[in-house]
K.L.:
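This structure is in structure tokens; I'll ask about it shortly.
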Amino acid sequence: MAERGIQSVLVENRVFEPNARFRDAVGAAHIPDLATYKAMYQRSLSDPEGFWGDVASDFTWFSPWKRVLEWSCPDAQWFVGATTNICFNCIDRQIDGGHGDDIAIIWEGEPANSSQPHGFEVRRITYRELHGEVCRCAHALRALGVSRGDIVTLYMGMVPELAIAMLACARIGAAHSVIFGGFAAPAIVDRVHDAASRVIVTCDGAFRRGAVVGLKGNVDEACKSLPEVQHVLVVRRTNTPVSWSEGRDVWWHDLVAAQQSSCPCEAMDSEDLLFLLYTSGSTGKPKGIRHTIGGYMVFTAATARWTFNLQPDRGQVFFCTADIGWVTGHSYVIYGILPNRVPTLMYEGAPNFPSESRLWSMVERHKVTQFYTAPTAIRAFMKWGDEHPKGHDLSSLILLGTVGEPINPEAWIWYHETIGASRCPIVDTMWQTETGGHIITPLPAAIATVPGSCTVPMFGVDAAIVDEQGEEQPPNVGGLLVIRQPWPGMLRGIHGDRERYVETYWSKVPGMYVAGDGARRDERGYFWIMGRIDDVINVSGHRLGTMEVESALVSHESVVEAAVVGMPHEIKGTGITAFVTLGPGWQDKAGKALARQLQEHVGREIGAIAKPDVIRFTQALPKTRSGKIMRRLLRDIAAGKDSGQDTTTLEDLSVVAKLRESDE
Ligand code: WT7
């Protein structure tokens, strides 16, 4: 990854200026030019309280803040003492403004459905309808014993009920913890346990690429180790048979439908917990990132408005392809979009079902104006062939976005030309689960773009490249990406682990938030992300801890030791190579069949996204004299720099290790 970043700096100097056609398409852009960006950025750093106080006054607060910011590093409080409700700002506020019949969510199901006008099931949900559904769900959750301050786990597919359940939690002051539907039962156990959830909302199943993923079955499996779970609320989506635990399990259509359609919003403190979202770190245990209501609400909605230039009443339709199980879906399918009163398009399934044209057909049919996806998806689109986008009318598009990992210039240019008809600005948005929203990104009418660079910091984000002493690095010298001042969307901690919060983010460079990425700034001041500096790998834009995968591997009876590293992968950006040593009696089983078993095993322990692409069996893991695994050597071997080809037979790495020991 690092090498790719450096190379980009050297070879990539095409500059794409903000263009008049985009400005025409949006009328008046929120940030119309570079001078406006600079003036606003300047003010956001020199007077953060004035700046964010102004931005926040666009929202509905039930009682005002006493101070905009209280900062005692590493603890930030935003809009101190104010009360509000994010659900109110997403829904009720639009109804009160006379827009109850505007479309809040356009949802499209995956299966082909010939009884529907365009061959697919589509729901258009107005703010008023959403209000009714959310209120009924809020009452239902209360009926199951959920109250203010509880944490409800949501393990669902991309169905409207997921958005409804999140908003219903927020409405009654419960926090949610969404678990991506691709995670397996053991991953559910860890997260539910850590959050101490007593209620789980799930679906019978989820449609994925024409098949059904048995979500309820995974919850049942997890609940065997979760005696604390009292109720499971189940949405019927796939109509697949499920086993039923009387007294514990409740059907959504029985309970929710029977409730009243109005339910007042709880007045919540700005710093009350809105959600936990688990993400991978350097250790085997995923961390529950804590986001609180006021700051997150203001930051996600404002960044969505600025970065994507969202404007109501101009026919815009915003389409973010991320699953709500990841932070991108939280912030830019739901919370950042609804307050802006632009319809958010939510898609249930896979981008290549029933064909590789699916997303382009959706752009055409729903007249999508802003389209937001990940580089890994763009590389897949390229591979699938230009005929798919070319076969659809994409002229509604005005802006394209990307997120999740550095985008290689080839993919950027293809996206620009083939999807954006060389007309749409591309916003390469850099951010993290921890940051709540965009921290470095172009603003479409103000910032010239260079393929591969995420360009400039967001308002209020004092991003810099420093060395370990906190000294700012000169142009084009790599260092740590840090943020030197608090911003409203920042995490407020790791659930139940204060020490890890301080240690992970605030102790490498005292007084600064360390993002965990290596990066550099070029002579224009543009940021280039070079990749993670910790034991986290970014697979298809999803974060995985190498330790998590290693623990999953060693939990298999055949494995004694495992070391997992990233390797370059054409589509995923980074793929996973696992070096594995086998226990007594297993050595002669080294080979394809066992490799497949281990891949499946990791899939069952964590989820399909964590399955190693390559398993290599070795006599012993190469270690330094002091006993540290030589990861750099393993990365080179995985990348094919040393021994070349992938192998599933037993190999002896001790010779290469000896040759390399001096430089590890
Ligand atoms: C890590 C965060 C935030 C949404 C998705 C991922 C990498 C993210 C970019 C980008 C280069 C990027 C970083 C970051 N990353 N966006 N535009 N350019 N790298 O969230 O799972 O919390 O992962 O993704 O390495 O630290 P996440």
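Order of appearance sets the numbers: ligands from 1, and atoms from 1 within every ligand.
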K.L.:
Counting from 1, what ligand 1 atoms have a heavy atom of Ile529 closer than 4.0 Å?
P.N.:
11 (C), 19 (N)

K.L.:
Identify the protein heavy atom lying closest to atom 16 (N) of ligand 1, giving its residue, its atom name and the separation to 0.1 Å.
P.N.:
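Answer, as residue, atom name and distance: Gly404 N, 3.1 Å.
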
K.L.:
Tell me, which protein residue and heavy-atom name are nearest atom 22 (O) of ligand 1, and how many Å apart are they?
P.N.:
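Closest protein heavy atom to atom 22 (O) of ligand 1: Thr433 OG1, 2.6 Å.
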
K.L.:
Need the ligand 1 atom indices (1-based, order shown) with element for anything under 4.0 Å from a heavy-atom of Asn538.
P.N.:
7 (C), 24 (O)

K.L.:
Run the ring-ring contact (aromatic ring centres under 6.0 Å, His included) check on Tyr335 and His330 step by step: do they pass?
P.N.:
CA-CA 6 Å; Tyr335 289 121; His330 280 59; 7.0 Å; no

K.L.:
Could you tell me whether Glu472 and Arg484 make a salt bridge, using a distance below 4.0 angstrom between a side-chain N and a carboxylate O?
P.N.:
yes

K.L.:
Just by distance, no angles: are the side chains of Ser331 and Tyr296 close enough, under 3.5 Å, to form a donor-acceptor pair?
P.N.:
yes

K.L.:
Can you tell if the side chain of Tyr372 reaches within under 4.5 Å of the side chain of Thr328, non-hydrogen atoms only?
P.N.:
yes

K.L.:
State the atoms of ligand 1, each with its element, that fall below the 4.0 Å cut-off from a heavy-atom position in Pro406.
P.N.:
11 (C), 18 (N), 19 (N)

K.L.:
Go through ligand 1 atom by atom and flag the ones less than 4.0 Å from a non-hydrogen atom of Asp428.
P.N.:
10 (C), 17 (N), 18 (N)

K.L.:
Would you say the side chains of Arg524 and Ser453 form a donor-acceptor pair under 3.5 Å?
P.N.:
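Their side chains do not contain a donor-acceptor pair, so the 3.5 Å distance test is not met.
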
K.L.:
To which protein heavy atom is atom 6 (C) of ligand 1 closest, and what is the distance rounded to 0.1 Å?
P.N.:
Gly541 O, 4.0 Å

K.L.:
At the 4.0 Å heavy-atom cut-off, does Cys454 count as touching ligand 1?
P.N.:
no

K.L.:
Can you tell which of Glu405, Glu434, Gln432 gets a heavy atom nearest to atom 19 (N) of ligand 1?
P.N.:
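That would be Glu405.
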
K.L.:
What atoms of ligand 1 come within less than 4.0 Å of a heavy atom belonging to Val403?
P.N.:
4 (C), 5 (C)

K.L.:
Would you call Arg358 and Glu108 a salt bridge, using N to O less than 4.0 angstrom?
P.N.:
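Here Arg358 pairs with Glu108 in a salt bridge, since their nearest N and O are under 4.0 Å apart.
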
K.L.:
Closer than 4.0 angstrom, basic N to acidic O: yes or no for Lys287 and Asp194?
P.N.:
no

K.L.:
Tell me: protein heavy atom nearest atom 21 (O) of ligand 1, and distance?
P.N.:
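Its nearest protein heavy-atom neighbour is Arg543 CD, 3.4 Å.
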
K.L.:
Closest non-hydrogen protein atom to atom 25 (O) of ligand 1, residue and atom name please, with distance?
P.N.:
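Scanning the protein heavy atoms, the shortest distance from atom 25 (O) of ligand 1 goes to Asp517 OD1, 2.5 Å.
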
K.L.:
Under a 4.0 angstrom heavy-atom cut-off, which atoms of ligand 1 come close to Thr328?
P.N.:
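Counting atoms of ligand 1 from 1, those under 4.0 Å from Thr328 are 4 (C), 5 (C).
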
K.L.:
Which one holds for His542 and ligand 1: side chain close, backbone close, both close, or neither close, with close meaning a heavy atom under 4.0 Å?
P.N.:
neither

K.L.:
Run the ring-ring contact (aromatic ring centres under 6.0 Å, His included) test on Phe371 and Trp360 for me, step by step, so that the C-alpha distance in whole Å, both residues' side-chain angles and the decisive distance to 0.1 Å come before the verdict.
P.N.:
CA-CA 10 Å; Phe371 179 78; Trp360 316 125; 5.4 Å; yes

K.L.:
Does this structure show an ion pair linking Arg498 with Asp75, if we count only N-O contacts that are shorter than 4.0 Å?
P.N.:
yes

